[in-house]
2 protein chains.
Amino acid sequence: MSRWLMVKKAAPAPRREDSLSRDRIVDVAIELLDAEGESGLTFRALAGRLATGPGAIYWHVANKGELLTATCDAIVGRTMTIAVAGESPETDIRALALGLFDAIDAHPWVGSALTRAPGQLPAVRILEGLGQALCALDVPAERQWPTMSALLSYILGVAGQNAANAHVGRTLGTDRLAFLSSVAATWSELDEEAFPFVRSMAGPLREHDDRADFLAGIDLILGGVRGQATG
Amino acid sequence: MSRWLMVKKAAPAPRREDSLSRDRIVDVAIELLDAEGESGLTFRALAGRLATGPGAIYWHVANKGELLTATCDAIVGRTMTIAVAGESPETDIRALALGLFDAIDAHPWVGSALTRAPGQLPAVRILEGLGQALCALDVPAERQWPTMSALLSYILGVAGQNAANAHVGRTLGTDRLAFLSSVAATWSELDEEAFPFVRSMAGPLREHDDRADFLAGIDLILGGVRGQATG
DNA sequence: ACCTGAACACCGTTCAAGT
DNA sequence: ACCTGAACACCGTTCAAGT
């Protein structure tokens, strides 16, 4: 075919369309994580999808930890740039938190990546959003750190459990309801002397709504913030 | 030596003092995790300390996940049996949470193990303690699940970050202060247009007290619970 | 019933060698 | 400058073979 000649005559493209780059690696890593779960992200699998050897990736990314943080940040960055300027700072916090919840629900691996990179860019983005809202809420300066910290810990806690549930569900090959039902069954068979309360929670466990519960927790913390302001 | 003869004549001991058992495996696993961190728990290293082959462990434990949950449960079980019957349900929750915090602070790997086994025995113990206190707090039945859930998520969030910090600190080979200082330095160099708030938190980050912040978060949630009761 | 340890099928990471 | 891919030093897990 004359295609070869044409290529030869074309202006030397600075880079092949499908050449390696940090961004392309991150994009394919996200695809892989979404499709195969956390254990699916492998330098070999990634190299396969990128049509190179595993060593090539190390030219653009220092190690697996950095890769995971970068993929996590791609998702979190996308989510946080959806600017929130609602009717009140509390509404902003709720919107920010829900946006994050939905992103993590769609990409459960973000939950564990977020936890494993404390103080890194993904967490910084979240902290900034929370902090600005807390300023608008007139939280006094010396209360800002602990309040922001509590909100972040709570969000990370939910995110982590979300990731863990997804992981267990995947390895068991069952869907959410089947998984919850089997845990609920275990709970109802617990010793009734030692675990009366958890036994009674088998029903709620099966029927609960993760998203609504998450928001309820945010509201609990915001309620506490309001209570502290009042005195 | 005649020791061999004596052994032959002795009543056949049902088990060698140092023979394998689930409990012994769990004990040594805890030693290993405390000494070497999360990545130090290996079937080979464990077998080494137990003076057997890696295969032997599988007779007593199904897989690594079960082993980690069992070691986690050993610590959590110990912590939760320190019965709390303080002056008020709120005091009980605070005592329970602080007991857990201190245990996780002493054994950071418990944090990630806890997150990775949702609905399993370790989490059940915590839920039971929290739930009973919430009943005593007169939290109405339909609010018990989300409230308990929020408290657990917050605790797991702090626990997970604690584990992550310990892991990063270990791989970097730096102590807590050095680690915090380096993160704080990164924060103060962030873009001041995009991250004014996080920049201002570099100081608090360096000086904060994890334990006090943790308790402040618990109090925030309890404040929210109180606020909901009032109306 | 319980233990042994070689073997299997993977990992992340490195690095000489290529272009 | 960037890519290749074999090689290294590990993993968790299995399983025939032993006692």
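A note on names: the letters A, B, ... follow the listed sequences, proteins ahead of strands, and every chain is numbered from 1.
- Here the P atom of nucleotide C/dC11 and the CG atom of A/Leu46 are 12 Å apart, to the nearest Å.
- Phosphate contact (OP1/OP2 of D/dC3, side-chain N/O of A/Thr52, threshold under 4.0 Å): absent.
- Shown here are the ring-ring contact (aromatic ring centres under 6.0 Å, His included) partners of A/Phe43, two or more places apart in sequence or in another chain: A/Tyr58.
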query: Quick one: what's the B/S/- string for nucleotides 13-19 of chain D, heavy-atom cutoff under 4.0 Å, read 5' to 3'?
result: BBB----
query: Starting at the 5' end of DNA chain C, what dot-bracket string do you get if Watson-Crick and G-U pairs under 3.5 Å are bracketed, crossing pairs use [ ], other-strand pairs use | and unpaired bases use dots?
result: ||.|||||...|||||.||
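- Among residues two or more places apart in sequence or in another chain, the side-chain hydrogen bond (donor to acceptor under 3.5 Å, both in side chains) test is passed with B/Ser153 by A/Gln161.
- Rounded to whole Å, atom P of C/dG5 lies 13 Å from atom CG of B/Leu20.
- Residue A/Leu67 is out of contact with every strand shown, counting any heavy-atom pair closer than 4.0 Å.
- An OP1 or OP2 oxygen of D/dC2 is reached within less than 4.0 angstrom by a side-chain nitrogen or oxygen of A/Trp59.
- For B/Asp105, the side-chain hydrogen bond (donor to acceptor under 3.5 Å, both in side chains) criterion is met by no residue, not counting sequence neighbours.
- Residue pairs meeting the ring-ring contact (aromatic ring centres under 6.0 Å, His included) criterion with at least one partner in residues 108-131 of chain A, sequence neighbours excluded, are A/His107-A/Trp109.
- Minimum interatomic distance between A/Thr71 and A/Leu68 (heavy atoms only, all atoms of both residues): OG1-O, 2.7 Å.
- Atom CD1 in A/Ile57 sits roughly 10 Å away from atom P in D/dT4 (whole-Å rounding).
- Here the CE-CG distance, from B/Met148 to A/Leu205, works out to 8.5 Å after rounding to the nearest 0.5 Å.
- Taking atom CZ of B/Arg24 as the reference point, atom P of C/dC3 lies 10 Å away to the nearest angstrom.
- Partners of A/Phe101 according to the ring-ring contact (aromatic ring centres under 6.0 Å, His included) rule, which considers only residues two or more places apart in sequence or in another chain, are A/Phe214.
- Under the side-chain hydrogen bond (donor to acceptor under 3.5 Å, both in side chains) criterion, B/His167 pairs with no residue, sequence neighbours left out.
- Between B/Glu66 atom CD and D/dG12 atom P there is a gap of 15 Å when expressed in whole angstrom units.
- Contacts classified as salt bridge (Lys or Arg N to Asp or Glu O under 4.0 Å) and involving residues 161-183 of chain A (residues at least two apart or in different chains) are given here: A/Arg176-A/Asp210.
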